Amino acid sequence: MTEQEKLVLAHLSRFVSDHKKEFAEKVLNERTRHVTVVLENIYQSQNSSAVIRTCECMGLQDVHVIEDKSKYAVNRRVLKGAHKWTNIVHHQPKEGDATLHCFTKLKSEGYKILVADPSEQGISIHDVPIDESKLALVFGNELHGVSETAQLHADQKIKIPMFGFTESLNISASVAICLSSLITRLHASENEYGLCAEERERIQLEWYRKIVKRSDLIEREFIRTIR
């Protein structure tokens with residue numbers, strides 16, 4: 001963060017109640033980028049919104065959205081405000097394949113790419129190691145699942161063990177089960193899964209900007225006084 005941003009953070013904190021500060025600090029302590037979720041061309045807004053709500057509840061800071069065929073749409077009744085506290089990273093390049101664009105970015109950041117697929121080639125989500133690398137879970141659209149491109153360029157296929165006649169779950173249920181398995185094990189481990197100090201400060205600033213009413217006006221007036 002720049003020195004100016006740090007001053008703005010300190011100034012906005014004066015307008016945040018102690019209760020909200022404590023709650024934001026508690027959530028920040030559990031926030032992680034060790035695990036992220038990728039949505040590939042989800043076309044029903046209630047599904048993508050339900051996934052983002054689940055990701056926020058489970059402590060994920062980032063959700064990646066691939067939208068070269070289907071545009072990301074918001075369903076505010078389902079989201080319940082979850083999108084305000086989560087970074088939605090859109091992958092919609094002007095040229096090239098959006099899935100490859102997303103995977104290249106994630107791999108450059110040290111993520112292992114895991115695609116959800118019910119085939120026998122996949123390993124159980126409960127057997128995925130949590131301590132070898134950061135994990136990006138990729139979920140395909142409601143009709144066709146993950147694309148061939150995603151399957152070809154992924155590091156591993158994963159599946160949820162099921163014991164009935166039906167071979168697949170709704171995407172929001174799949175994400176919830178996968179994250180519950182990974183995050184529960186991550187919290188019980190000795191892994192360093194939290195945010196670094198720089199990340200915490202940047203996210204805290206963005207959250208305070210959303211918590212404080214008319215924060216944009218307050219920030220502009222404050223910056224005027226320190227220049």
Side-chain angles (χ1 to χ4, degrees), residues 16 19-20 22-67 69-92 98-99 102 106 111 113-116 125-126 128 130 134-146 150 158-160 162 168-187 193-195 199-200 202-212:
V16 181
H19 172 71
K20 287 184 177 178
E22 290 172 6
F23 192 40
E25 186 71 16
K26 178 177 179 293
V27 174
L28 268 175
N29 288 339
E30 301 297 342
R31 270 298 194 258
T32 187
R33 282 186 163 129
H34 189 83
V35 177
T36 191
V37 160
V38 180
L39 300 179
E40 187 185 38
N41 293 310
I42 306 302
Y43 59 83
Q44 293 186 345
S45 64
Q46 66 267 30
N47 285 334
S48 55
S49 296
V51 168
I52 288 167
R53 182 174 169 183
T54 296
C55 290
E56 199 285 320
C57 287
M58 297 301 291
L60 272 62
Q61 186 55 37
D62 305 320
V63 178
H64 294 259
V65 179
I66 296 169
E67 45 186 339
K69 295 178 182 176
S70 298
K71 304 295 182 185
Y72 167 71
V74 169
N75 187 318
R76 295 187 182 279
R77 287 183 300 174
V78 176
L79 275 168
K80 300 291 186 182
H83 61 298
K84 295 195 300 182
W85 318 112
T86 306
N87 295 337
I88 312 299
V89 184
H90 297 268
H91 297 273
Q92 190 183 13
T99 297
C102 175
L106 288 171
Y111 283 95
I113 309 294
L114 310 176
V115 296
I125 185 64
H126 307 306
V128 172
I130 58 169
K134 296 192 291 184
L135 303 172
L137 310 184
V138 184
F139 297 87
N141 75 26
E142 298 88 337
L143 185 59
H144 302 294
V146 293
I158 57 170
K159 63 183 178 181
I160 298 169
M162 287 181 285
S168 63
L169 293 161
N170 174 275
I171 182 174
S172 59
S174 296
V175 172
I177 292 169
C178 289
L179 290 184
S180 179
S181 175
L182 294 178
I183 298 299
T184 298
R185 287 189 284 133
L186 193 62
H187 283 204
Y193 64 84
L195 303 170
E199 290 173 318
R200 287 173 62 94
R202 287 193 176 280
I203 292 168
Q204 189 176 33
L205 175 57
E206 290 305 312
W207 288 359
Y208 281 9
R209 283 169 171 162
K210 293 168 183 173
I211 291 170
V212 177

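Given the structure is predicted, the values throughout are model-derived calculations rather than measurements.
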Reported [atom1]-to-[atom2] distance for the pair [X] and [Y], which is rounded to 0.5 angstrom:
X      : Y      : atom1 : atom2 : value
Thr32  : Asp62  : OG1   : CG    : 9.5 Å
Ser48  : Leu79  : OG    : CG    : 7.5 Å
Leu39  : His90  : CG    : NE2   : 10.5 Å
Ile177 : Leu169 : CD1   : CG    : 5.0 Å
Glu142 : Asn170 : CD    : CG    : 8.0 Å
Ile125 : Ile158 : CD1   : CD1   : 4.0 Å

Closest approach of [X] to [Y] (non-hydrogen atoms, all atoms of both residues):
X      : Y      : answer
Trp207 : Ala24  : CZ3-O, 3.8 Å
His34  : Ile130 : NE2-O, 2.8 Å
Cys178 : Leu137 : CB-CD1, 3.9 Å
Val51  : Ser172 : CG2-CA, 4.0 Å
Val38  : Cys102 : CG1-SG, 3.9 Å
Ser180 : Met58  : CA-CE, 3.6 Å

I'd like to check [X] versus [Y] (side-chain heavy atoms, cut-off strictly below 4.5 Å). Are they in contact?
X      : Y      : result
Arg200 : Asn29  : yes
Arg33  : Tyr111 : yes
Val138 : Thr99  : no
Thr54  : Val37  : no
Gln46  : Arg77  : no
Leu179 : Val35  : yes
Val27  : Trp85  : no

Inset, instruction - Can you label the angle between the His187 ring and the Tyr193 ring as parallel, tilted or perpendicular, going by 30° and 60°? - result: parallel
Inset, instruction - Check whether the side chains of His126 and Arg185 place a donor and an acceptor atom closer than 3.5 Å, and report yes or no. - result: no
Inset, instruction - Inspect the surroundings of NZ in Lys20 and state if more than 12 heavy atoms from other residues, nucleotides or ligands are less than 6.0 Å away. - result: no
Inset, instruction - Before giving the answer on salt bridge (Lys or Arg N to Asp or Glu O under 4.0 Å), spell out for Arg209 and Glu206 the whole-Å C-alpha distance, their side-chain angles and the decisive distance to 0.1 Å. - result: CA-CA 5 Å; Arg209 283 169 171 162; Glu206 290 305 312; 2.5 Å; yes
Inset, instruction - Give a yes or no answer on whether the side chain of Lys210 reaches the backbone of Lys84 with a donor-acceptor pair at less than 3.5 Å. - result: yes
Inset, instruction - Keeping the roles fixed (side chain from Arg53, backbone from Val78), state whether a donor-acceptor pair exists under 3.5 Å. - result: yes
Legend entry - Leu60/Thr86 under side-chain contact (heavy atoms from CB on, under 4.5 Å): CA gap, chis, key distance, verdict: CA-CA 7 Å; Leu60 272 62; Thr86 306; 5.9 Å; no
Legend entry - Basic-acidic side-chain contact under 4.0 Å: Glu56, Arg31: yes
